[in-house]
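In the text below, chain A, chain B and the rest are named by the order of the sequence lines, each starting its count at 1.
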There are 2 protein chains.
Amino acid sequence: MIDPLLEKLKHYTDLEKHEIRMLRAAPTQEKRLEKGDYIIKEGENPPAVHLIIDGWACRCKMLSDGREQVMGYLIKGDLCDLHVTLLSRMDHSIRAMTTTTVGMVPEESINRIIEDFPRLARALFWSLMVDEAIARHWILNVGLRSAEARVAHLFCELLVRFQVAGLIKGNTLEMPMTQANLGEALSLTPVHINRVLQRLRQKGLIILARKELTVVDPEGLKEVAEFDAVYLHLDKRLVNHKGELINKK
Amino acid sequence: MIDPLLEKLKHYTDLEKHEIRMLRAAPTQEKRLEKGDYIIKEGENPPAVHLIIDGWACRCKMLSDGREQVMGYLIKGDLCDLHVTLLSRMDHSIRAMTTTTVGMVPEESINRIIEDFPRLARALFWSLMVDEAIARHWILNVGLRSAEARVAHLFCELLVRFQVAGLIKGNTLEMPMTQANLGEALSLTPVHINRVLQRLRQKGLIILARKELTVVDPEGLKEVAEFDAVYLHLDKRLVNHKGELINKK
DNA sequence: CGATGGGTTGAGCTTGATCAAACACTGTGG
DNA sequence: CCACAGTGTTTGATCAAGCTCAACCCATCG
């Protein structure tokens, strides 16, 4: 059940047998959530860390006027709230965007990792820092880029993350979110997202229909997005010296 | 020399003698930088972690068209690049905004902490997560808030961070950055920053002149900013049950 | 079949950008 | 002490990207 996390941490370091055993032995309870359900809400302090086993979720936070900002997407293998082991309470919420299965890793397991499994602790550190880097670059995206580049950048990020996670083989991925959802993540109105998507389609960069995104021209898309995957800090075994993704067969 | 870091970590946990000794024993070399110098540049992989001992710095990243986004401010006691101990290279740069003194903590010291000082490791985890939370909320700020609320929010954040770090007593702090700098952080043009500042002054919320910011009406400023300090995950000993800062004498 | 949720289109508006010029402050050298 | 250069702030006029509001279309589903 904890295997998606193992897969992810393996990108950082080769885990040893006893470390894998330790993680596997952690008493993870599973929970199934429907689209729209909150995995954790702002202000809560749950006794376990949630791991996405399957499905999509997003970090989000609402302002008093009801408008919501999505601050990141979570996919298979991502930890939602390592936070709660150390910080008092959640400062944002996490919501399922599809039917989602989460695993709940008790806080003590995390504590044991930090105390007795320094290599695992290091791997957790690593995943935290990647999350932080992604968050920082989201600032860049929302702050500096045009609407078109913003959408393109998000698509590039998702494509690479899915490829690295081994969830897709080609350039096609499931995209459960509506145009309004995209707007929440990119700080654009649904109407404008719609127009931008049309432009990207016209340029022959993407196909997006019936909840499925195909990146037709990855290089072209990266160009309009000014996308540089360095910030995702990919597994060194998966990228070449120029930081480009190697196609493992 | 490493004391500003100690001060900061103490907000998370009471450190034990041998932990303090260990940190103090780390062979930190000091370095002095002038305004505008880069502490680390994107793409580099320095052999040591930089700690701000005195002065202001910012995380920043430039787009190909020359426009720059500031993704966070660093003050006394902040670690610039824990990243490099685990990630391959910097995905953004760090620039001194004033004359700044940094300490360089060798990578091995960090590694030893993770391996042999779990409580210190935990404290580092904590500071990383706070940084991440700040970055996430910066997304909110740039993405969702109006220009006026954005400026107000940044000022609130800085005020609280300086108060918590014990760098100021009242509501006045040094603000070395120009209006253009503020614009880079908030994704607004210098001209617009100027007009917003005038409005905040007119409302009697702030005084900002000759590199010095005084928050005249903290409550009012928090209101226009919709500021909620939860995301800064302050020392529990410094906040009351409602998350408000307690004035320690 | 109607209802519902999402996608698409159009018209007009607003926030903040752009461009350009003037002004204020600081420090320098004559 | 003044001229000046340089950096930062202020003001005004114009412009555009993206927002708002409103209608309409289309697919899916009970």
Legend entry - Contact state string [nucleotides 3-16 of chain C, B base, S sugar-phosphate only, - no protein heavy atom under 4.0 Å]: ---SSBBBB----B
Inset, instruction - Carefully, step by step, assess B:Gln69 and B:Ser187 under the rule side chain to side chain donor-acceptor pair (under 3.5 Å). - result: CA-CA 7 Å; B:Gln69 176 76 43; B:Ser187 283; 2.8 Å; yes
Legend entry - side chain to side chain donor-acceptor pair (under 3.5 Å) between B:Thr101 and B:Glu30, worked out: CA-CA 7 Å; B:Thr101 311; B:Glu30 280 192 30; 5.2 Å; no
Inset, instruction - State, yes or no, whether a side-chain contact exists between B:Thr214 and B:Ile206 at a heavy-atom distance under 4.5 Å. - result: no
Legend entry - Set of salt bridge (charged side-chain N to carboxylate O under 4.0 Å, His left out) partners for A:Arg201, sequence neighbours left out: none
Legend entry - By salt bridge (charged side-chain N to carboxylate O under 4.0 Å, His left out) - contacts of A:Lys61 (at least two apart): A:Glu42
Inset, instruction - Return the value, rounded to whole Å, for the distance between atom CG of B:Leu186 and atom P of C:dA17. - result: 11 Å
Inset, instruction - List the steps and the verdict of side chain to side chain donor-acceptor pair (under 3.5 Å) for A:Glu157 and A:Asn141. - result: CA-CA 11 Å; A:Glu157 177 183 315; A:Asn141 208 27; over 6 Å; no
Legend entry - Rounded interatomic separation in angstrom, taking CG from B:Leu200 and P from D:dT10: 12 Å
Legend entry - Angle between terminal axes - the helix from C:dC1-D:dG30 to C:dG30-D:dC1, 5 pairs each end, rounded to 10°: 30°
Inset, instruction - Please list, chain by chain and in numerical order, all residues satisfying salt bridge (charged side-chain N to carboxylate O under 4.0 Å, His left out) with B:Lys203, sequence neighbours excluded. - result: B:Glu148
Legend entry - Test ring-ring contact (aromatic ring centres under 6.0 Å, His included) applied to B:His153 - qualifying residues, sequence neighbours left out: B:Phe227, B:Tyr231
